[in-house]
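Below: the structure, in structure tokens.
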Amino acid sequence: MADGYFVGTAGWNIPRAHRDRFAAHGSQLQRYASRLNAVEINTSFYRSHARAIYERWANAVPRDFRFAVKMPKLVTHERALARCRDPLRRFLDEIGGLGPKLGPLLMQLPPSFGFDARRVGRFFELMRTLHRGAIVCEPRHETWATDAASLLLQRFNVARVAADPPRAHGLGDPGGWTGIVYYRWHGSPRQYFSPYSSTALRALAARTAQHLAPSTVAPSTTVWVIFDNTGSGAAAGNALELASLV
């Protein structure tokens with residue numbers, strides 16, 4: 001793949017249909033990392049993992065492999081970005097076990113979470129006192145597709161996820177900070193299940209390559225594409241096909 005281009009799936013499950021396209025030996029993560037250079041850890045949304053677990057995962061993959069990690073639902077959903085200092089510190093200490101293989105933190109918000117400049121700004125101020133690395137935000141409310149939201153994201157160097165299917169107009173395109181772009185494709189028309197056609201993947205390859213083009217006015221440092229259509233096992237096949245195109 002091109003430098004600065006990361007392709008993977010949500011989790012490192014290898015479906016039976018694609019098993020022969022990965023290394024035959026090693027742990028499932030090691031086999032997955034033999035063909036793809038990134039993965040999104042979603043289990044961190046539901047429960048914490050000991051720092052030693054993250055260290056073990058980091059030791060199982062090649063040097064240029066990267067992990068995106070989803071923020072806990074305690075922070076994004078239950079506390080709605082308020083009173084988060086202690087759980088954030090615990091989370092960041094745990095994922096510190098990934099070391100230099102830590103990629104962006106994924107902050108997915110509930111569909112009902114409308115843009116609130118004061119609340120979101122305070123949260124990002126806290127985040128930036130605790131973490132200087134890449135952060136990507138996947139909002140799912142139409143109020144995030146506004147200039148005010150984009151300006152606040154840019155202020156704190158936070159990129160807005162380009163989601164498919166988008167929950168609202170404008171949320172299918174990258175937004176906010178341009179230092180990283182993060183495409184999160186969930187499967188369409190049936191979310192989490194539908195595979196993407198070769199035509200759609202070729203269009204995605206061309207679209208994402210533009211972010212790294214030297215002629216781009218503000219070229220991005222890195223491009224991420226994560227397939228979340230894991231319910232049918234389609235994600236692995238789509239990721240492998242896209243990786244072969246870029």
Less than 4.0 Å between a side-chain N and a carboxylate O, is that true for Glu78 and Arg83?
no
Side-chain donor/acceptor of Arg66 to backbone N/O of Asn37, under 3.5 Å
no
In terms of heavy-atom contacts, Glu138 and Ala163 come closest through OE2-CB, 3.6 Å
Has the side chain of Asn238 got a donor or acceptor atom that lies under 3.5 Å from a matching backbone atom of Tyr196?
yes
Looking at Glu40 and Lys70, is any side-chain nitrogen of the basic one under 4.0 Å from a carboxylate oxygen of the acidic one?
no
In terms of the angle between their ring planes, are Tyr183 and His211 parallel, tilted or perpendicular, with boundaries placed at 30° and 60°?
tilted
Just by modelled atom types, is the His131 backbone N or O under 3.5 Å from a matching donor or acceptor in the Arg128 side chain?
yes
Residue among Phe91, Tyr54, Phe67 satisfying ring-ring contact (aromatic ring centres under 6.0 Å, His included) with His49:
Tyr54
Does a side-chain N-to-carboxylate-O contact under 4.0 Å join Glu94 and Arg90?
no
Which heavy-atom pair separates Arg160 from Ser150 by the least distance, and what is that distance?
NH1-OG, 3.9 Å
Do Leu98 and Ile53 land in one hydrophobic cluster if side-chain heavy atoms of ILVMFWY residues count as linked below 4.5 Å?
yes
Main chain of Ala23, side chain of Ser34: is a donor-acceptor contact present, judged purely on distance under 3.5 Å?
yes
Do any N or O atoms from the side chain of Gln30 and from the backbone of Ser27 form a donor-acceptor pair under 3.5 angstrom?
yes
Can you confirm if the aromatic rings of Phe115 and Phe113 lie within a centre distance of less than 6.0 Å?
no
Under a single-linkage definition using a 4.5 Å side-chain heavy-atom cutoff for Ile, Leu, Val, Met, Phe, Trp and Tyr, are Leu130 and Met71 assigned to the same hydrophobic cluster?
yes
Hey, does Thr208 have a side-chain heavy atom less than 4.5 Å from the side chain of Trp224?
no
Test: Arg79 and Asp86 ion pair at under 4.0 Å
no
I'd like to check Leu102 versus Val69 (side-chain heavy atoms, cut-off strictly below 4.5 Å). Are they in contact?
yes
With no hydrogens and no angle check, just 3.5 Å: does a side-chain donor-acceptor pair link Gln108 and Thr76?
no
Hydrophobic cluster identity match, Leu88 and Phe156, side-chain contacts under 4.5 Å:
yes
Between Leu212 and Val181, is there shared hydrophobic-cluster membership here, with clusters defined by ILVMFWY side-chain heavy atoms closer than 4.5 Å?
yes
Same cluster for Leu81 and Phe45 if Ile/Leu/Val/Met/Phe/Trp/Tyr side chains link at under 4.5 Å?
no
Ile14 side chain near Gln28 side chain, heavy-atom distance below 4.5 Å:
yes
Passing option when Trp12 is tested against Tyr32, Phe22, Trp57 for ring-ring contact (aromatic ring centres under 6.0 Å, His included)
Trp57
For the residue pair Ala239 and Thr9, what are the closest heavy atoms and their distance?
CB-CG2, 3.9 Å
